[in-house]
Amino acid sequence: MKLTKLLERVTYTCLRGSMDVEVTDVVNDSRKVKEGSLFLCIRGAVTDGHKYAADVVKKGASVLVVEEPVETGPDVTVIQVQDTRMAMALIAAAWYEYPAEKLKVIGVTGTKGKTTTTYMVKSILESAGYKVGLIGTIEAVIGEERIPADNTTPESVTIQEYFSRMVKAGCQVVVMEVSSQGLMLHRTAGFLFEIGIFTNIEPDHIGPAEHASFEDYLECKSRLFRQCKVGILNGDDAHLEKILEGHTCSVETYGFSERADLRAVDAHLVTRPGYLGAAYSLRGLLNFDVEIDIPGKFSVYNSLAAIAICRHFKVSEEGIKKALKEAKVKGRIEMVKVSDAFTLMIDYAHNAMALESLLGTLKEYHPHRLVCLFGCGGNRSRLRRYEMGEVSGKMADLTIITSDNPRYEKPEAIIDDIVTGIEKTDGKYIRITDRKEAIAYAIHHGEPGDIIVLAGKGHEDYQEIEGKKYPMDERVLIQEILREDAARRG
């Protein structure tokens with residue numbers, strides 16, 4: 001593609017070389033440079049792409065996009081821009097011929113609820129006959145292809161590549177999680193969202209490598225509403241006004257408040273043998289009764305957000321109700337049927353805040369016992385271990401401490417740290433290092449009315465030990481345990 005075409009939406013200065021260049025590829029990873037590549041010098045958290053200028057020129061890069069002048073040979077075109085990340089998003093969109101303009105893109109931002117909401121929307125729209133792509137924390141879904149995710153919101157070049165592949169696969173709609181980091185680093189620049197969703201915001205991702213302050217975190221989230229046509233927001237969130245500062249979209253709200261455009265009335269928890277859910281009456285822009293197979297008040301919020309989106313796609317009442325009953329998210333309060341006597345579920349909660357929220361939700365169902373099985377990752381904060389131990393000790397009737405991803409640490413040493421936290425409480429606990437044995441113990445000792453939650457792994461299907469990832473999916477482990485039990489009985 002001609003360089004002039006790639007730069008048609010970019011504000012730039014040509015420092016050196018010819019603009020009449022044919023570009024063979026657009027890359028920001030020096031290892032992927034080939035003859036004729038356009039290389040973007042990105043300042044990352046770990047390294048600065050400007051340092052690789054001479055190296056990529058030797059590999060054949062014909063164009064460098066920079067924020068500051070770099071030393072190169074006379075045959076290389078050097079383009080200076082104010083922000084190479086913003087330029088990368090605009091160049092990537094041009095390289096893939098603006099695929100977002102052929103799709104309706106839905107972006108979901110918020111501290112919690114992004115993943116569940118995106119899967120609910122996908123389920124509802126697909127049941128109504130739309131072909132839907134997805135980009136999120138767990139995976140990207142393009143037709144039948146599922147690509148495991150590295151980041152909640154990928155780099156702009158990857159987003160545009162996915163959009164292009166979705167167009168080729170016949171997708172009409174894309175629903176994607178939009179992280180504050182993604183917005184801050186311009187990963188979603190270069191296109192307009194059809195709909196932007198705000199689920200909620202709590203202090204999170206505050207630190208040297210992420211956001212300097214809660215105010216900075218808020219501001220980054222708010223950018224979505226200057227980049228979408230319709231904004232649909234949780235009207236009950238205390239920070240709603242801040243999120244809407246400077247918005248350029250039309251606005252709708254959802255929640256429990258009388259002021260919300262779409263609201264839940266008479267919400268209540270639903271429990272049956274081996275099953276937890278929630279139900280409510282929908283009022284406002286739509287009026288009908290809803291039941292969802294995911295427990296807790298927050299799942300009511302997530303379903304309201306999903307319904308508010310799908311209203312814009314003219315999905316029928318029956319279509320919405322049926323799809324919400326079928327919507328499942330791998331590793332997010334994912335119920336696995338093992339018994340009519342008690343409920344077993346898998347969840348990704350892997351820090352104290354998430355675990356406290358999860359256990360608080362499950363306690364509202366007044367279980368006979370709340371049993372929490374979890375471990376903590378190695379080579380990560382020891383404080384997280386103490387905090388998770390303390391939360392589980394306070395809130396669960398029994399904690400089963402086991403191994404997660406020990407990485408380069410000894411599983412027993414990690415468990416010792418968790419025990420330090422749990423012993424600040426009166427909570428009962430047992431240590432079983434092998435995760436399969438721990439799950440088997442939980443199943444074999446389940447009592448009528450128990451809720452058992454396997455926390456921390458969620459959608460992960462591996463265990464990381466000494467730098468290697470070994471296959472380990474809790475769903476598979478559960479089925480193996482049930483088969484072994486059946487064989488012993490038979």
Side-chain angles (χ1 to χ4, degrees), residues 26 28-29 40 42-46 49 83-93 96 99-100 103-119 121-122 133-142 147-166 174-229 231-233 239 243 246-249 305 309:
V26 172
N28 68 311
D29 183 337
L40 292 128
I42 303 294
R43 296 186 202 280
V46 178
D83 185 328
T84 47
R85 281 195 172 277
M86 177 62 83
M88 178 163 70
L90 299 172
I91 289 167
Y96 287 104
L103 298 159
K104 289 192 182 296
V105 185
I106 300 161
V108 182
T109 199
T111 305
K112 293 188 291 195
K114 295 188 296 295
T115 302
T116 301
T117 302
T118 55
Y119 279 88
V121 171
K122 187 172 188 290
L134 181 141
I135 300 173
T137 302
I138 298 174
E139 61 191 350
V141 182
I142 305 169
I147 306 159
D150 292 324
N151 296 312
T152 297
T153 308
E155 284 290 4
S156 55
V157 176
T158 304
I159 288 175
Q160 295 294 340
E161 180 200 343
Y162 287 169
F163 285 172
S164 176
R165 287 166 63 180
M166 288 172 185
V174 184
V175 58
M176 65 182 287
E177 295 183 49
V178 182
S179 67
S180 54
Q181 286 285 101
L183 288 159
M184 182 174 75
L185 299 174
H186 305 307
R187 291 175 183 165
T188 60
F191 64 92
L192 190 64
F193 287 91
E194 189 73 20
I195 297 174
I197 294 286
F198 167 68
T199 60
N200 52 63
I201 194 162
E202 295 175 10
D204 195 14
H205 303 292
I206 314 298
E210 296 185 272
H211 297 284
S213 64
F214 182 60
E215 288 69 31
D216 179 52
Y217 182 45
L218 263 172
E219 193 281 323
C220 287
K221 291 282 188 199
S222 74
R223 293 179 191 182
L224 180 59
F225 303 98
R226 300 191 285 278
Q227 200 191 330
C228 67
K229 295 177 187 175
I232 299 175
L233 301 96
H239 303 283
I243 290 290
H247 74 276
T248 56
C249 56
I309 293 168

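Fair warning: this is a prediction, and the values are worked out from it, not measured in the lab.
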Considering the options Val174, Leu134, Ile147, which one meets the side chain to side chain contact (heavy atoms under 4.5 Å, CB included) requirement together with Ile142?
->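 Going through Val174, Leu134, Ile147 one by one, the side chain to side chain contact (heavy atoms under 4.5 Å, CB included) with Ile142 is satisfied by Ile147 alone.
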
Is there a donor-acceptor pair under 3.5 Å between the side chain of [X] and the backbone N or O of [Y]?
X	Y	value
Gln181	Asn151	no
Asn200	Gly113	no
Ser180	Leu218	no
Thr118	Val175	no

Are [X] and [Y] packed together at the side-chain level, in the sense that at least one heavy-atom pair is separated by less than 4.5 angstrom?
X	Y	result
Pro99	Gln160	yes
Phe198	Leu224	no
Ile135	Met166	yes
Gln227	Val178	no
Phe191	Leu103	no
Lys112	Thr199	no

How far apart are the closest heavy atoms of [X] and [Y], and which atoms are they?
X	Y	result
Ala140	Tyr162	CB-CE1, 3.6 Å
Phe193	Ile106	CD2-C, 4.0 Å
Ala93	Gly190	CB-O, 4.1 Å
Ala189	Ala89	O-CB, 3.5 Å

Out of curiosity, [X] [atom1] to [Y] [atom2], how far, rounded to the nearest 0.5 Å?
X	Y	atom1	atom2	value
Ile91	Met86	CD1	CE	12.0 Å
Asp83	His186	CG	NE2	4.0 Å
Leu183	Thr188	CG	OG1	4.5 Å
Ser156	Glu161	OG	CD	11.5 Å
Cys249	Leu233	SG	CG	7.0 Å
Leu192	Thr248	CG	OG1	7.5 Å

Compute whether any side-chain donor of one residue and acceptor of the other, for Thr152 and Glu177, lie under 3.5 angstrom apart.
-> no

Name all residues meeting the ring pair (Phe, Tyr, Trp, His ring centres under 6.0 Å) criterion together with Tyr96; count only those two or more places apart in sequence or in a different chain, and write none if there are none.
-> none

Sequence neighbours left out, what passes ring pair (Phe, Tyr, Trp, His ring centres under 6.0 Å) with Tyr119? Give chain and number order.
->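 Listed in chain order: nothing, the list is empty.
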
Would you please name every residue forming a side-chain hydrogen bond (donor to acceptor under 3.5 Å, both in side chains) with Arg85, sequence neighbours left out?
-> Glu155

